[in-house]
A.B. asks: 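Could you have a look at this structure, given as structure tokens, before my questions?
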Amino acid sequence: MKNMERELLCPVCKEMYKHPVILPCKHNVCHVCASEILLQRGYVCDPNSEPNSPASSPSTRSPRMGRRVVPKQERLIKSGFGTYPGRKRCNAHTQSVLFPCPSCHRDVDLGERGLGNLFRNLTLERVVERYRQTVNISTAIMCQFCKPPQQEASKGCTECRATFCNECFKLYHPWGTQKAQHEPTPPTLTFKPKGLMCPDHKEEVMLYCKTCQRLVCQICRVRRTHSGHKITPIISAYQALKDKLSKTITYILGSQHLLQGQISELEESMKHTELNGAKAQEEVLQLVSALRSALDDKQVSLTRDITERQRERRCILEAQVWERQTLLENSGLVSYAHEVMKETEQPCFVLAAKQLHERIVRAIESVQSFRSAAFAPLPPVKLDVSRELKLLTELNFVRAPDAPVIDTQRTYAYDQIYLSWRLPQDSAPAWHYTIEYRKIDPKHKTLKLWQRREEVWSLSTVLEGPDIDSVYVLRVRGYNKAGYGEYSEDIYLHTPLAPGKCLLLLLGA
């Protein structure tokens, strides 16, 4: 009992089921939780009501709580007329109530009456109650009729299907009335009705409609809704379902070794998943670090190149500046030329003036031929990294090949088996393929062990020497750097009885 708590938790409130109802998709949910979900969707329902509970009826409300005055607008809404903000507007035809199942995440149709069409799962309630008794879950049971703050219940009433404190029990069971004959019981969270009642006609359900797969009452049977349907007594459905459930339980109990083997295999896969994940993370860190190191080295190389270009350019410009500075009026060269001009001895003047004249002529020619573009600063350095950025953006894990698709037009079985396949269009490439095949034993309906052919480098292969008049099942999977991909669908091939016309029998997976 202690191992099945997960089966007894409501998928909405994550607590033990309380008054669970069965949805058309065969999942369960607490009645209160279902009401709150419908209220959030704009449907009108009372989340505080409980199926078959007197607390949900205004006429049986405790005198201590007083009678609530129902506004006119709410009376219109409950009677099916009028709208208010957030409520589903009725069309010409009454809309069915769509309920989002929290288990299968599908919208299920509850019909026009919503939760009123659903059966209460009394069996699940009994299991929950037995579970609580087994694991000794002690929860305080509160009186259903006290004004806040509620008092803890001290009595229960099976006839009223409600829990009471001492004072409320006396108020609801006054002397001299029929209710005074009700026997008090210990308080409980669930009061089980004597039987399941039809939500439409309030009659006990004693029949089962196989066509609708729904419990029905005698009135439902004669109504047009179930006209022509196959309806059986409830005991027949009870016995049939009990036999089926017994067989499935017997099979499960007899397959414990198989389940344990599968659990061990899955746990081993989980361990390998953790190891492979850690290994993959380490590999990613190493590769990204290598890329980062390569980028750092490239950065150093490029900045060194820029610095060298900058130095060379600066030397050239500094030489040009110095050459022009010598021609300024107050420069040393001009002053020196003036002093040379003062020389009176002709041989000495000729010797000094010739060298000086050549220097000045070169400087003048440089000035006259000056072009600003020729002596521009270092041009902007542009790096084209678009290709590298694209490669980095597209950097991703290598995908294993997708499951190959068997080419049934080119695959056949004769005195040999010829198998052909192809990869899906968007699949990652495969380096080579592995083919697995085995023979079916038609007498014992068993399969032999898989035989394997490794490293097939083409998109087809030939299996020589198959047994005649035999059925073989084959499958293929690809391999690349990421590992093996998924298997293709199994294909069944029947070899002919004797040499003659080629026979191909494709039975499908």
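Values reported hereafter were calculated over all heavy atoms of this structure, with side chains retained and with hydrogens, waters and symmetry mates removed. Not measured: the values here are computed from a predicted model.
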A.B. asks: Does the ring centre of Trp457 sit less than 6.0 Å away from the ring centre of Tyr433?
C.D. replies: no

A.B. asks: List the steps, then state whether side-chain hydrogen bond (donor to acceptor under 3.5 Å, both in side chains) holds for Arg453 with Thr461.
C.D. replies: CA-CA 9 Å; Arg453 176 171 292 184; Thr461 190; 3.0 Å; yes

A.B. asks: Identify every side-chain donor-acceptor pair in residues 274-298 under 3.5 Å, counting partners at least two apart or on other chains, and give the distances.
C.D. replies:
unit_1 : atom_1 : unit_2 : atom_2 : d
Asn276 : ND2    : His272 : O      : 3.2
Ser289 : OG     : Leu285 : O      : 2.7

A.B. asks: Does Glu339 have any side-chain hydrogen bond (donor to acceptor under 3.5 Å, both in side chains) partners at least two apart in sequence or in another chain, and if so, which?
C.D. replies: Lys342

A.B. asks: Using a strict threshold of under 4.0 Å (side-chain N to carboxylate O), is an ion pair present between Arg422 and Asp407?
C.D. replies: no

A.B. asks: Name all residues meeting the salt bridge (charged side-chain N to carboxylate O under 4.0 Å, His left out) criterion together with Arg113; count only those two or more places apart in sequence or in a different chain, and write none if there are none.
C.D. replies: Asp200

A.B. asks: Using residues 102-110 as the side-chain source, report each donor-acceptor pair under 3.5 Å to any protein atom, sequence neighbours left out, with the distance given to one decimal.
C.D. replies:
unit_1 : atom_1 : unit_2 : atom_2 : d
Asp107 : OD1    : Arg41  : NH2    : 3.4
Asp109 : OD1    : Gly111 : N      : 2.8

A.B. asks: Got Thr434 and Val456 here, is their nearest side-chain heavy-atom distance under 4.5 Å?
C.D. replies: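 With C-beta onward as the side chain, the pair stays apart.
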
A.B. asks: I'd like to check the side-chain contact (heavy atoms from CB on, under 4.5 Å) partners of His357; sequence neighbours left out, ordered by chain and number.
C.D. replies: Val361

A.B. asks: Of all heavy-atom pairs between Tyr17 and Glu7, which one has the smallest distance, and what is that distance?
C.D. replies: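 Here Tyr17 and Glu7 meet closest at CE1-O, 3.7 Å.
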
A.B. asks: Going by the rule side-chain hydrogen bond (donor to acceptor under 3.5 Å, both in side chains), which residues pair with Arg214 if we only count those two or more places apart in sequence or in a different chain?
C.D. replies: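 For Arg214 there are no side-chain hydrogen bond (donor to acceptor under 3.5 Å, both in side chains) partners, ignoring immediate neighbours.
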
A.B. asks: On the 0 to 90° scale, with breaks at 30° and 60°, tag the Tyr484-Tyr479 ring pair as parallel, tilted or perpendicular.
C.D. replies: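 Ring orientation, 0 to 90° scale: tilted.
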
A.B. asks: Quick check: do Arg399 and Asn396 have side-chain heavy atoms less than 4.5 Å from each other?
C.D. replies: no

